[in-house]
Peer 1: 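Structure below; questions to follow.
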Amino acid sequence: MAKRRQSRSAHKRYISIPHCVLDSTSYADLNGSAIKLLTLIVRQWNGYNNGNLTCTWDQMRPYFGGQDTMRSALKALIKHRLIEVTGTGSTSRKGGLPPVLYAITWESVDEYRGQGQMTTKPTLSPIRNDWHKINGHKGSKSPVLKIGANTS
């Protein structure tokens, strides 16, 4: 009797960023460090903890050459509204302070289940619903390309 084959993704975790976000000028205008940081923040999201995501220097040190690069990338993600601050705290964790909390903006904010102080209430819908309006915006410094689109 043949063994049943398990799904390839049954034991593997992965991150998910919707196409509407990737096609947006908010994403296209990011530099490489900000894209890397977004990937690392989204990696923490498990489907039930949006609003409880963290970004401390201790977590991100292996991925960035310096704290200023990480902080600059974090500011860019907030400026472009890809993440939002949902709780107060510290980015350095010095003095035993709880970390600043963040949420990805294309998903709803989940109920708080951690340490620190969450200042945003849970939501039933995403923080940001305007992704379809900002795709291909003319004011962007970066063109939004549709991969696989017919260019002839």
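Below, all heavy atoms of this structure are taken into account, side chains as well, without hydrogens, waters or symmetry copies.
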Peer 1: Can you give me the closest heavy-atom contact between Val85 and Tyr102, atom names plus distance?
Peer 2: CG2-CE2, 3.7 Å
Peer 1: Let me have the donor-acceptor pairs involving side chains of residues 118-127, under 3.5 Å, with sequence neighbours excluded, atom names and distances please.
Peer 2:
| from | atom 1 | to | atom 2 | distance (Å) |
| --- | --- | --- | --- | --- |
| Thr119 | OG1 | Thr86 | O | 3.0 |
| Thr123 | OG1 | Val109 | N | 2.8 |
| Thr123 | OG1 | Ser125 | O | 2.9 |

Peer 1: Look up atom CD1 in Ile15 and atom CD1 in Ile41, then write down how far apart they are to the nearest 0.5 Å.
Peer 2: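 Between Ile15 CD1 and Ile41 CD1, I get 11.0 Å after rounding to 0.5 Å.
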Peer 1: Go through the steps to decide whether Tyr63 and Leu37 satisfy the test side chain to side chain contact (heavy atoms under 4.5 Å, CB included), and finish with yes or no.
Peer 2: CA-CA 9 Å; Tyr63 305 98; Leu37 184 59; over 6 Å; no
Peer 1: Side chains of residues 72-84: which donor-acceptor partners sit under 3.5 Å, not counting sequence neighbours?
Peer 2:
| from | atom 1 | to | atom 2 | distance (Å) |
| --- | --- | --- | --- | --- |
| His80 | ND1 | Ala76 | O | 2.9 |

Peer 1: Please determine whether side chain to side chain contact (heavy atoms under 4.5 Å, CB included) holds for the pair Tyr112 and Asn49, giving the CA-CA distance in whole Å, both sets of side-chain angles, and the decisive distance to 0.1 Å.
Peer 2: CA-CA 7 Å; Tyr112 181 61; Asn49 65 341; over 6 Å; no
Peer 1: If every non-hydrogen atom of Ser33 is compared with every non-hydrogen atom of Thr69, which pair is closest and at what distance?
Peer 2: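 Residues Ser33 and Thr69, closest heavy atoms: OG-CG2, 3.5 Å.
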Peer 1: When you measure from the side chain of Gln59 to the backbone of Thr56, do you find a donor-acceptor pair of N or O atoms at a distance under 3.5 Å?
Peer 2: yes
Peer 1: Does anything in residues 35-47 form a side chain to side chain donor-acceptor pair (under 3.5 Å)? List the pairs, not counting sequence neighbours.
Peer 2: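 Every pair satisfying side chain to side chain donor-acceptor pair (under 3.5 Å) with a residue in residues 35-47: Gln44-Thr54.
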Peer 1: Supply the atom-to-atom distance Leu53 CG to Leu40 CG, rounded to the nearest 0.5 angstrom.
Peer 2: 12.0 Å
Peer 1: Can you tell me how far apart CD1 (Ile17) and SG (Cys20) are? Round to the nearest 0.5 Å.
Peer 2: 11.0 Å
Peer 1: For Asp68, look at atom CG and say whether over 12 heavy atoms of other residues, nucleotides or ligands are found less than 6.0 Å away.
Peer 2: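 No - once you tally the heavy atoms of other residues, nucleotides and ligands closer than 6.0 Å, there are 12 at most.
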Peer 1: Counting N and O atoms only, with roles assigned by atom type, does the side chain of Asn50 sit under 3.5 Å from a partner on the main chain of Ser108, one being a donor and the other an acceptor?
Peer 2: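 Flag set: sc Asn50 to bb Ser108 pair under 3.5 Å.
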Peer 1: Search all heavy atoms of Leu101 against all heavy atoms of Gly51 and return the closest pair with its distance.
Peer 2: CB-O, 3.3 Å
Peer 1: Side chains of Met70 and Trp57: does their closest heavy-atom pair fall under 4.5 Å?
Peer 2: yes
